[in-house]
2 protein chains.
Amino acid sequence: MENDELAPHQPTSRRQPLSRDLILRVAIDLMDRQGVQQLTMRQLGQALGVEAMALYHHVNGREDLLEGVVDLLVNEIRIEPGAPTPAPDGWQGLLQWVAHSVRDLAVQHPNIFPLIATRHPAAPWLRPPLRSLRVVDEFLQALVARGFTRAQAARTYRVFTSFLLGHLLLESATLGAETSPVEEPLDEGDADVPNQDEELDLKEFPTLAEFRPLLQAHDTDQEFEQALEALLNRLDLEMSQ
Amino acid sequence: MENDELAPHQPTSRRQPLSRDLILRVAIDLMDRQGVQQLTMRQLGQALGVEAMALYHHVNGREDLLEGVVDLLVNEIRIEPGAPTPAPDGWQGLLQWVAHSVRDLAVQHPNIFPLIATRHPAAPWLRPPLRSLRVVDEFLQALVARGFTRAQAARTYRVFTSFLLGHLLLESATLGAETSPVEEPLDEGDADVPNQDEELDLKEFPTLAEFRPLLQAHDTDQEFEQALEALLNRLDLEMSQ
DNA sequence: ACCTGAACACCGTTCAAGT
DNA sequence: ACCTGAACACCGTTCAAGT
């Protein structure tokens, strides 16, 4: 019943030597399960079979740890597909590929994506979620290689990051709502109405009550594809002017 | 040189009686200046001329405080203009109005907007930044009043919130980067190159170095208007099908 | 070289006690 | 009714000391 129930990443036996990379990966694992705020240096140390203070030899404090986690995850984004899949030869295909690559990241780490979305990048002209130098460099190069002028590529970077951030932050929030426990304030006096999981008083908002089924019933995948399609059309229009 | 330099909201003289609303407003004031993370119950108490423990009579802990701040700010969003300005009679005019209303909020509180963007709403079908029951109710009603079917209104709510979140979170991040101090890790050995404010090593990324001026030079206002325009066109197209 | 023990300066939060 | 003092169980982080 205590809080040491989460299985440590390593069994009690031998442990790997500490390294920044190992620390970051275990941190990601813990954050995926509990959320970012609940991750503690002491808990992270324990999961690695080490005292918390040992982490400071590989990581420059908690802020640096979070920065490292964000950087590691963002750098997993692939701008061009790997060997088996051929590189898309049109810019539309490229943007589709990148969009899905980033979406996979958001869906796999819904509890961490808000951190990626809100941490200040190294420079103000870097925009989450494409906020690592390597990734942005590759992205812009890939667009230029497909015929964009530099001004068009820069503009596309801005429009595209806005699109990804809006859609994926909302999608990850929905996914994260189940995983990440939000402590209930407790006690309401009379626990009379046992309204399922969703305890929400819509008496004052009849319009909203009417709309509720419509608001929850929607196809996330399809809407992402549609919005992406609309974005590509818009860019196509701008390009040809 | 200590940390009690920020002027308390009240002069040392007499102070107003404590209330949830006053507490929230002072909290907002402090968060605007220092960022969310740095706000402490003890510091907030001090700014109100009171011990931290006194806050717990009006606010249900720190989480509830943050929730209250988000709720208060989101409820400042006006769906229809007030008395002097006439209500827009088309849905395009309505969405324009709301978009600017939300944008004002983001620009006035760039340090708090990430909190609004990432906190889990009361229900999974509520989407930041339009995440208060009253605001969403009014929003949907306003759309229906302008001829939308309910399905169209619900869909517009989703598309519109995605749009706002993407654009405004990125805009507020740029604004917040100046206000919110990020502690520098310090010491790099040789402090040889005194490169202005922006200390970033682009040697490995020549493409990026080339692009940098293009990436920072852009008109935020104009791009917001253009993107909004494009969104309205897209919705218009969908409507007429 | 890498990790630990003990300590410091903080947190949020509780609760009995004051007025 | 509302606020305070003192205390509890935590934090992140430091630093001298161990091996």
Side-chain angles (χ1 to χ4, degrees), chain A residues 1-6 8-10 12 14-24 26-27 30-31 34-69 115 119 181-187, chain B residues 1-6 8-10 12 14-24 26-27 30-31 34-69 115 119 181-187:
Chain A
M1 278 285 182
E2 288 299 302
N3 59 352
D4 41 6
E5 267 313 278
L6 283 172
H9 198 252
Q10 287 299 118
T12 54
R14 225 149 222 59
R15 63 164 201 264
Q16 298 178 39
L18 231 44
S19 72
R20 182 177 169 94
D21 192 69
L22 178 64
I23 290 174
L24 294 181
V26 174
L30 290 173
M31 288 160 111
Q34 327 169 340
V36 174
Q37 304 289 353
Q38 345 295 329
L39 179 73
T40 262
M41 296 301 274
R42 284 167 153 96
Q43 180 208 23
L44 179 55
Q46 178 182 309
L48 285 155
V50 117
E51 298 297 312
M53 304 77 196
L55 303 174
Y56 287 80
H57 289 267
H58 303 90
V59 139
N60 225 321
R62 189 171 198 267
E63 284 306 302
D64 181 50
L65 175 79
L66 297 183
E67 193 59 40
V69 164
L115 191 71
R119 274 194 80 86
V182 182
E183 48 277 64
E184 301 289 318
L186 71 129
D187 85 87
Chain B
M1 278 287 181
E2 288 299 302
N3 59 353
D4 41 7
E5 268 312 278
L6 283 171
H9 198 253
Q10 287 299 118
T12 54
R14 225 152 222 57
R15 62 165 202 263
Q16 299 178 38
L18 231 44
S19 73
R20 183 176 168 94
D21 191 70
L22 178 64
I23 290 173
L24 294 181
V26 173
L30 290 172
M31 289 160 108
Q34 328 168 340
V36 174
Q37 304 289 353
Q38 345 295 329
L39 180 72
T40 263
M41 296 301 274
R42 285 168 153 95
Q43 179 208 22
L44 179 55
Q46 178 181 309
L48 286 155
V50 117
E51 298 297 313
M53 304 79 198
L55 303 174
Y56 286 80
H57 289 268
H58 302 91
V59 138
N60 226 321
R62 188 172 198 266
E63 285 305 303
D64 181 50
L65 175 79
L66 296 182
E67 193 59 40
V69 164
L115 191 71
R119 273 193 81 83
V182 182
E183 49 277 62
E184 300 290 320
L186 70 128
D187 86 86

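Every chain is numbered from 1, with letters handed out A, B, ... down the list of sequences. The shown structure was predicted, so the numbers you read here are calculated from the model rather than taken from an experiment.
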Return the stems involving DNA chain C, sorted by first number, where pairs are Watson-Crick (N1-N3 with N6-O4 or O6-N4) or G-U wobble (N1-O2 and O6-N3), both under 3.5 Å, and runs are 3 or more long.
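As far as DNA chain C goes, consecutive pairing (with distances under 3.5 Å) yields the stems C:4-8 with D:12-16, C:12-16 with D:4-8.
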
To the nearest Å, give me how far apart [atom1] ([X]) and [atom2] ([N]) are.
X	N	atom1	atom2	result
B/E51	D/dT4	CD	C1'	6 Å
B/L55	C/dC11	CG	P	13 Å
B/Q37	C/dC10	CD	P	18 Å
A/L18	C/dT4	CG	P	9 Å

Donor-acceptor contact present, side-chain B/T40 to main-chain B/Q43, <3.5 Å
no

Contact summary for A/M41 and A/A52, nearest pair of heavy atoms:
O-CB, 3.7 Å

Is there a side-chain contact (heavy atoms from CB on, under 4.5 Å) between B/L55 and B/L48 once you walk through the steps?
CA-CA 9 Å; B/L55 303 174; B/L48 286 155; 3.8 Å; yes

Any side-chain heavy atom of [X] within less than 4.5 Å of one from [Y]?
X	Y	value
B/D21	B/H58	no
A/L44	A/L65	yes
B/R62	B/L39	yes
B/H57	B/I23	no

Could you tell me which residues satisfy side chain to side chain donor-acceptor pair (under 3.5 Å) with B/R20, sequence neighbours excluded, listed by chain and number?
B/D64

For a quick test of reading the model: is some side-chain N or O of A/H58 closer than 4.0 Å to OP1 or OP2 of C/dC2?
no

Nucleotide by nucleotide, 5' to 3', does protein get under 4.0 Å of the base (B), only the sugar-phosphate (S), or neither (-) in nucleotides 12-19 of chain C, counting heavy atoms?
BBB-----

